[in-house]
There are 2 protein chains.
Amino acid sequence: MYKSALFSGFEVSNVNKLVRCLGVKFKNCNTNEIIMSYKESPEYLYVVLSGTAELATYDYDGNKTVLERFMQDSIFGDMFFKPLGADEFSVFATSSCEVMYFRYYDAINICENVCKEHKRFLDNLFMIMSKKLLAQSRHIEILTKRTIREKLINYLEHIEAESGSFSFLLPMSLSSLADYLSIDRSAMQREIKHLNDEGIIISKGKKITLIKK
Amino acid sequence: MYKSALFSGFEVSNVNKLVRCLGVKFKNCNTNEIIMSYKESPEYLYVVLSGTAELATYDYDGNKTVLERFMQDSIFGDMFFKPLGADEFSVFATSSCEVMYFRYYDAINICENVCKEHKRFLDNLFMIMSKKLLAQSRHIEILTKRTIREKLINYLEHIEAESGSFSFLLPMSLSSLADYLSIDRSAMQREIKHLNDEGIIISKGKKITLIKK
DNA sequence: AAAAAAATGTTGCATTTGCAACAAAAAAGT
DNA sequence: ACTTTTTTGTTGCAAATGCAACATTTTTTT
């Protein structure tokens with residue numbers, strides 16, 4: 001828990017102090033366990049400390065729709081997602097998963113004797129929210145592209161910028177990527193093939209090299 | 001400016017005090033004027049006080065791509081969007097537009113004598129960010145739908161939930177809606193026609209009624 | 001080490017969608 | 001009140017995409 005970005009810059013003893021002060025709670029979940037459901041009224045903010053999870057819903061046929069994926073330092077909670085209709089949306093652990101949660105309101109309306117820890121905590125929370133906003137903006141930017149090719153290239157260029165190299169390993173499986181880009185997996189595979197044929201990329205599985213002309 | 005959600009719960013005199021303390025700056029722009037460009041290093045946070053604006057870029061052909069639209073209480077800034085490649089992205093006023101801006105860092109690392117105003121300001125800022133996160137989540141949820149029909153229905157159901165009625169007026173033009181859903185306008189029009197033919201909706205222009213079976 | 005499960009790669013085909021081009025209506029500007 | 005611009009509505013056609021079904025490879029589990 002001390003490695004969470006929420007506590008970056010904290011001394012271990014101060015983490016404990018703050019945890020007590022904010023009434024932070026912890027939860028450990030195994031794969032496929034439900035961490036929380038979007039229906040409760042109290043406004044808790046959840047932070048993933050370790051492991052992975054996803055926000056998903058199952059329709060009447062049992063088909064799963066994944067809305068969002070979470071990893072270390074991801075945040076989720078009632079104020080970031082509101083379900084539409086009667087479907088139940090829940091966050092499931094996709095691997096052994098540790099989360100912490102606290103009342104959003106308590107964290108913001110910190111007690112009168114605002115200590116350095118509180119300030120830093122808010123600062124960190126702010127940073128995490130900004131990063132989420134940025135990640136979502138990027139996702140929207142990509143989803144807004146009209147063709148599979150444009151989506152793919154845009155995504156790959158982002159990975160290139162992040163990794164700082166023309167050659168990189170995709171951070172997720174190709175099937176997950178198809179989900180993220182919201183396109184059919186086989187159609188994506190076909191486009192990858194075309195990009196290879198046209199010499200725009202060289203790829204084998206998750207290993208991809210962008211060729212600049 | 002006193003009507004901005006950032007200052008909700010504030011007395012007028014305290015707004016002035018805080019504005020001075022944070023070094024808040026103001027800017028008035030006419031339609032089509034550039035409010036800011038995503039290239040400067042200083043991390044300013046912008047809040048729209050009145051009017052509308054959009055984040056857009058022009059490619060070599062002069063085609064405009066709109067990434068995001070802003071209205072009262074929308075926030076934007078370097079930490080929420082990072083341009084990819086050499087293209088220049090800017091925020092343009094789409095109507096006469098008032099914005100305020102301040103250094104992100106100054107707002108978070110507020111001075112030692114944390115007054116009630118500071119706290120409330122941060123509180124409001126968090127709320128605005130949460131709302132933006134929620135709006136983006138919804139947008140992603142819709143963009144992730146695979147067919148035009150699913151996108152449309154999902155969007156309309158959101159409007160229905162917000163308005164609380166099966167009958168409503170779209171909050172934007174049909175062309176803008178096609179942009180928002182990232183689909184071809186004429187294809188959307190065709191789908192609207194089909195939905196009418198099948199008795200799923202009754203619509204004429206922006207006036208739409210959802211028929212529940 | 002073997003078996004089971006998940007991910008990758010491929011293809012034909014039907015369907016959906018985007019594109020282009022236009023007419024009509026509505027809204028905005030002068 | 002008139003003109004210009006934007007929005008809405010429509011259609012044929014070509015192209016892109018999703019779907020289904022399968023073989024192959026890789027990864028995970030037992």
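By convention in this document, chain letters (A, B, ...) are assigned in the order of the sequence lines, proteins followed by strands, and residues within each chain are numbered from 1.
Residue B:T147 is in sugar-phosphate contact alone, with no base atom involved, counting any heavy-atom pair closer than 4.0 Å across all strands shown. Nucleic acid contact for A:R146: sugar-phosphate only, since backbone atoms but no base atoms lie under 4.0 Å from a heavy atom of the residue. Among the atoms of the strands shown, none is found under 4.0 Å from any heavy atom of A:I192. Across all strands, A:K206 comes closer than 4.0 Å only to sugar-phosphate atoms, never to a base (heavy-atom distances).
Side-chain nitrogen and oxygen atoms of A:S175 include at least one within less than 4.0 Å of the OP1 or OP2 phosphate oxygen of C:dT8. Here A:Q189 reaches the OP1 or OP2 of C:dG9: one of its side-chain N or O atoms lies under 4.0 Å away.
Of the candidate nucleotides C:dT8, C:dA21, C:dG12, C:dA21 has the atom lying nearest to any side-chain atom of B:R185.
For the helix from C:dA1-D:dT30 to C:dT30-D:dA1, the axis fitted to the five pairs at one end and the axis fitted to the five pairs at the other end meet at an angle of 70° (nearest 10 degrees).
At distances below 3.5 Å, at least one donor-acceptor pair connects side-chain atoms of B:S173 with backbone N or O atoms of B:S176. Judged by distance alone, the side chain of A:S137 and the main-chain N or O of B:F80 form a donor-acceptor pair under 3.5 Å. With A:D73 contributing its side chain and A:I128 its backbone, the two residues share no donor-acceptor pair below 3.5 Å. No donor-acceptor pair under 3.5 Å is formed between the side chain of B:K151 and the backbone N or O of B:T147. Of the possible donor and acceptor atoms, one in the side chain of A:S182 sits under 3.5 Å from a partner among the backbone N and O of B:T144. No side-chain donor-acceptor contact under 3.5 Å links A:S4 to the backbone of A:L49. Of the possible donor and acceptor atoms, one in the side chain of B:R120 sits under 3.5 Å from a partner among the backbone N and O of B:S8.
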Requested in this report: Evaluate ring-ring contact (aromatic ring centres under 6.0 Å, His included) for A:F10 paired with A:F121, printing each intermediate quantity in order.
Outcome: CA-CA 9 Å; A:F10 275 69; A:F121 181 80; 7.0 Å; no
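Atom CE of A:M172 and atom P of C:dA7 are 13 Å apart (whole Å). Going from atom NZ of B:K151 over to atom P of C:dT16 covers 15 Å, rounded to whole Å. Nucleotide C:dG9 holds its P atom 10 Å from the CG atom of A:L170, rounded to whole Å. Between the C1' atom of C:dT8 and the CD1 atom of A:I208 lies a distance of 13 Å, rounded to the nearest Å. Here C:dG18 presents its P atom at 12 Å from CD1 of A:I148, a figure rounded to the nearest Å. Between the P atom of C:dA6 and the CG atom of A:D179 lies a distance of 15 Å, rounded to the nearest Å. Atom NZ of B:K145 and atom C1' of C:dT17 are 19 Å apart (whole Å). Going from atom CZ of B:R190 over to atom C1' of C:dA21 covers 14 Å, rounded to whole Å.
For B:Y155 and B:Y180, the distance between ring centers is under 6.0 angstrom.
B:N154 and B:K145 make their closest contact through ND2-CE, 3.1 Å (heavy atoms, listed as atom of the first residue, atom of the second, distance).
Each of A:A187 and B:S182 was matched to the nucleotide of DNA chain C holding its nearest heavy atom; the match closer to the 5' end belongs to A:A187.
You can see that DNA chain D meets the heavy atoms of chain B within a 4.0 Å-exclusive cut from D:dT7 to D:dG12, reading 5' to 3'.
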